[in-house]
Amino acid sequence: MTASIDAKAVALIAAASAAATYLIAKRQFESKAVTDRRKLYERDQKVRFEQDEKSKMEGLPPGTKVDDIKSDGVYLWEVERLSKYFPSEGEGIENIMAALSEAGKGHRDGDTRARYNKLIGDHECILANIRRSPGGEEKTSAYIRAGPRAKLHFNPATVNAAIVTCGGLCPGLNNVIREITRALFHLYGIKGKVHGIQGGYRGFYDPKLPPINLTAESVENIHHEGGTILGSSRGGFDIDKICEFLQSRNINQLFVIGGDGTHRGAFKIHETCMERGIHVAVAGIPKTIDNDVDYLDRSFGFVTSVEAAQSAIRAAKVEASCNLPNGIGIVKLMGRSSGFIAAHATLGSGDVDLCLIPEVPIILDGPVGCLPHLWNRVKEKGYAVVVVAEGAGEELLGASTETDASGNKKLPQIGEHMKKVINEYFKEQGEEATVKYIDPSYMIRSVPANATDTLYCMQLGQNAVHGTMAGYTGFSVGLCNNKMCLLPIPELVATSPRQMNPKGRTWERILAVTRQPNARSFSRRSLLMDK
């Protein structure tokens with residue numbers, strides 16, 4: 001008995017000793033691993049520091065040079081310059097911030113002229129394609145960088161300008177009008193007039209729509225209001241009457257705020273002025289609430305519209321969650337050819353269960369059908385919220401042959417159709433749905449710009465003026481790769497309206513948020529042909 005106990009004790013002691021030995025060895029190994037990692041990290045940090053110091057001494061940027069990523073040329077998008085065809089009126093005039101310099105006159109410290117911290121050179125540019133992949137030598141286009149230039153083409157003392165807004169409303173229109181006007185008077189100190197053209201292109205010749213005299217004082221507070229103080233309309237383009245107006249008022253700078261159709265009209269004005277020898281710089285400021293002008297990071301007013309759409313989505317959620325049985329709220333948002341507003345409003349909300357956009361066809365039933373998905377979401381949480389872009393569902397309702405004054409196709413009523421088919425589907429399942437339909441389309445475009453868009457509009461207005469004062473013409477201004485650029489209008493409108501990539505990351509994020517089935521493998525064209 002004693003021997004048996006002794007044997008067990010020995011075994012336990014041996015096991016404990018082995019365990020202790022294992023733990024000690026493990027800790028020693030882990031300690032050595034920690035020490036080795038620390039030494040490796042410290043060595044790498046030392047090598048990086050020495051490389052960075054060497055790079056600084058050689059005038060090179062910090063970082064490791066990557067040999068398998070190369071560029072095979074930069075191709076600058078040229079913008080027409082009036083100085084090639086007309087004598088420069090601003091020769092010898094220093095480009096300074098006029099209003100600030102005027103305020104400092106007579107100061108005891110002498111020269112207090114407010115000079116720009118940086119003036120943009122002729123070939124300063126922003127690369128279009130900033131992504132690079134190993135193994136290839138990629139070519140890239142580049143855009144002229146916007147900003148004040150050293151040489152002025154126009155003499156501020158003889159500048160007369162005109163501003164016109166065309167097409168639909170958009171948050172920030174008044175901001176752009178304000179910033180163009182203020183830049184002309186405050187940054188360049190023009191002595192002429194700024195004419196506000198009322199009612200779009202027809203305001204150039206309609207006697208019922210006389211021009212408004214815009215001053216820095218008259219536009220001081222207009223950015224707090226939605227819409228445009230000039231009014232807007234579609235159509236009305238008459239090139240002969242527009243050119244006659246420009247000549248009769250001695251206008252030498254024209255600012256056109258509008259979408260791709262308006263920009264095509266602006267470029268027609270530019271071409272006609274060049275053909276007829278009319279000395280006018282024509283600048284466009286892209287305006288589209290749908291965010292569908294190509295090459296730009298975003299259009300002004302887009303962020304405000306996405307923000308304004310949140311109240312409609314929240315209202316739809318309240319209606320859906322409080323109205324029994326099977327509450328469903330549908331919100332229709334703008335998005336004629338592209339679903340940027342619907343997609344970003346969905347992502348910004350986090351409460352949406354189904355997002356329908358023009359780029360992805362609507363499949364009602366089957367394995368990737370949106371109706372079974374809605375049924376499941378309602379059964380899971382008692383309600384569901386749907387966001388649909390106005391241009392979605394063409395494969396269901398067919399393409400319209402009617403157009404508006406701007407040549408845009410009239411859209412079928414996809415919101416009402418979705419309400420109808422949802423009710424029918426729930427009845428087929430033996431239950432009733434309570435569907436509430438909200439259409440805030442015109443509400444989200446008529447609100448004042450938020451702080452983000454206000455800042456963007458200021459950049460657009462000022463840089464449009466910088467461009468025209470330097471003699472650029474036939475261009476538009478916008479944010480590209482987070483830098484302000486001047487882009488030739490023909491290139492800008494050639495691929496507009498742009499669409500959201502249905503195989504891109506934004507759409508993947510939509511699927512992750514809504515958990516809806518992915519219908520992107522079906523093409524709209526094939527579905528239309530099958531009908």
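Worth saying up front: this structure is predicted, and the values here are computed from it rather than measured.
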Are any side-chain N or O atoms of [X] and backbone N or O atoms of [Y], one a donor and one an acceptor, separated by less than 3.5 Å?
X: S305; Y: I289; result: no
X: T228; Y: N174; result: no
X: H263; Y: G258; result: yes
X: D297; Y: N481; result: yes
X: K287; Y: T262; result: no
X: Q310; Y: V306; result: yes
X: N291; Y: S299; result: yes
X: S232; Y: G168; result: no
X: T215; Y: S218; result: yes
X: H417; Y: Q413; result: no

For [X] and [Y], which heavy atoms make the closest approach, and how far apart are they?
X: L487; Y: L296; value: CD1-CD2, 4.2 Å
X: C166; Y: G200; value: SG-CA, 3.9 Å
X: I422; Y: I328; value: CG2-CD1, 3.5 Å
X: I414; Y: E390; value: CG2-O, 3.7 Å
X: G227; Y: L173; value: O-CB, 3.5 Å
X: R336; Y: P358; value: O-CG, 4.1 Å

Beyond-backbone contact of [X] with [Y], side-chain heavy atoms, under 4.5 angstrom:
X: L254; Y: I269; value: yes
X: Q198; Y: P210; value: yes
X: F475; Y: I144; value: no
X: E319; Y: R314; value: no
X: V303; Y: N450; value: yes
X: R202; Y: L209; value: yes
X: L230; Y: I212; value: yes
X: R445; Y: C170; value: no

Which value, rounded to the nearest 0.5 Å, describes the distance between [X] atom [atom1] and [Y] atom [atom2]?
X: K483; Y: L127; atom1: NZ; atom2: CG; result: 12.0 Å
X: H186; Y: E179; atom1: NE2; atom2: CD; result: 10.5 Å
X: N175; Y: E225; atom1: CG; atom2: CD; result: 11.0 Å
X: R178; Y: N221; atom1: CZ; atom2: CG; result: 7.0 Å
X: I120; Y: M484; atom1: CD1; atom2: CE; result: 11.5 Å
X: N463; Y: S476; atom1: CG; atom2: OG; result: 11.5 Å

Can [X] and [Y] be counted as an ion pair, charged N to O under 4.0 angstrom?
X: E508; Y: K503; value: no
X: E359; Y: R498; value: no
X: E424; Y: K420; value: yes
X: R182; Y: E220; value: yes
X: R145; Y: E124; value: yes

* List the steps and the verdict of side chain to side chain donor-acceptor pair (under 3.5 Å) for Q499 and D292. => CA-CA 6 Å; Q499 291 192 302; D292 59 359; over 6 Å; no
Have [X] and [Y] got a donor and an acceptor in their side chains that come within less than 3.5 Å?
X: D290; Y: T288; result: no
X: D294; Y: S496; result: no
X: H223; Y: T454; result: no

* Would you please test I177 and L214 for side-chain contact (heavy atoms from CB on, under 4.5 Å) and show each step? => CA-CA 9 Å; I177 295 167; L214 300 177; 3.9 Å; yes
* To do: Please identify each residue that fulfils side chain to side chain contact (heavy atoms under 4.5 Å, CB included) with C370, with sequence neighbours left out.
  => L354, I362, L364, M418
* To do: Determine whether the aromatic ring centres of W77 and Y295 lie less than 6.0 Å apart.
  => yes
* **Pairs involving residues 356-387, ordered by first then second residue, that meet ring pair (Phe, Tyr, Trp, His ring centres under 6.0 Å) (sequence neighbours left out)** => W375-F426
* Residues in ring-ring contact (aromatic ring centres under 6.0 Å, His included) with F204, at least two apart? -> F245
* Asked: Residues in ring-ring contact (aromatic ring centres under 6.0 Å, His included) with Y201, at least two apart?
  -> F237
Side-chain polar contacts of residues 338-349 - donor-acceptor pairs under 3.5 angstrom, sequence neighbours left out - could you list them?
{"residue": "T346", "atom": "OG1", "partner": "A342", "partner atom": "O", "Å": "2.8"}
{"residue": "S349", "atom": "OG", "partner": "D351", "partner atom": "N", "Å": "3.1"}

* To do: Would you check, one step at a time, whether the test side-chain contact (heavy atoms from CB on, under 4.5 Å) holds for V385 with I313?
  => CA-CA 8 Å; V385 177; I313 295 174; 4.3 Å; yes
* With D353 via salt bridge (charged side-chain N to carboxylate O under 4.0 Å, His left out) - residues at least two apart -> R377, K381
* Tell me, with the steps shown, if Y442 and M334 meet side-chain contact (heavy atoms from CB on, under 4.5 Å). => CA-CA 8 Å; Y442 294 99; M334 288 190 160; 4.0 Å; yes
* To do: Carefully, step by step, assess W507 and I357 under the rule side-chain contact (heavy atoms from CB on, under 4.5 Å).
  => CA-CA 10 Å; W507 185 244; I357 62 173; 3.6 Å; yes
* Structure fact -> From the list V386, N323, N423, side-chain contact (heavy atoms from CB on, under 4.5 Å) partner of V435 resolves to N423
* To do: Inspect the surroundings of CD in E380 and state if more than 12 heavy atoms from other residues, nucleotides or ligands are less than 6.0 Å away.
  => yes
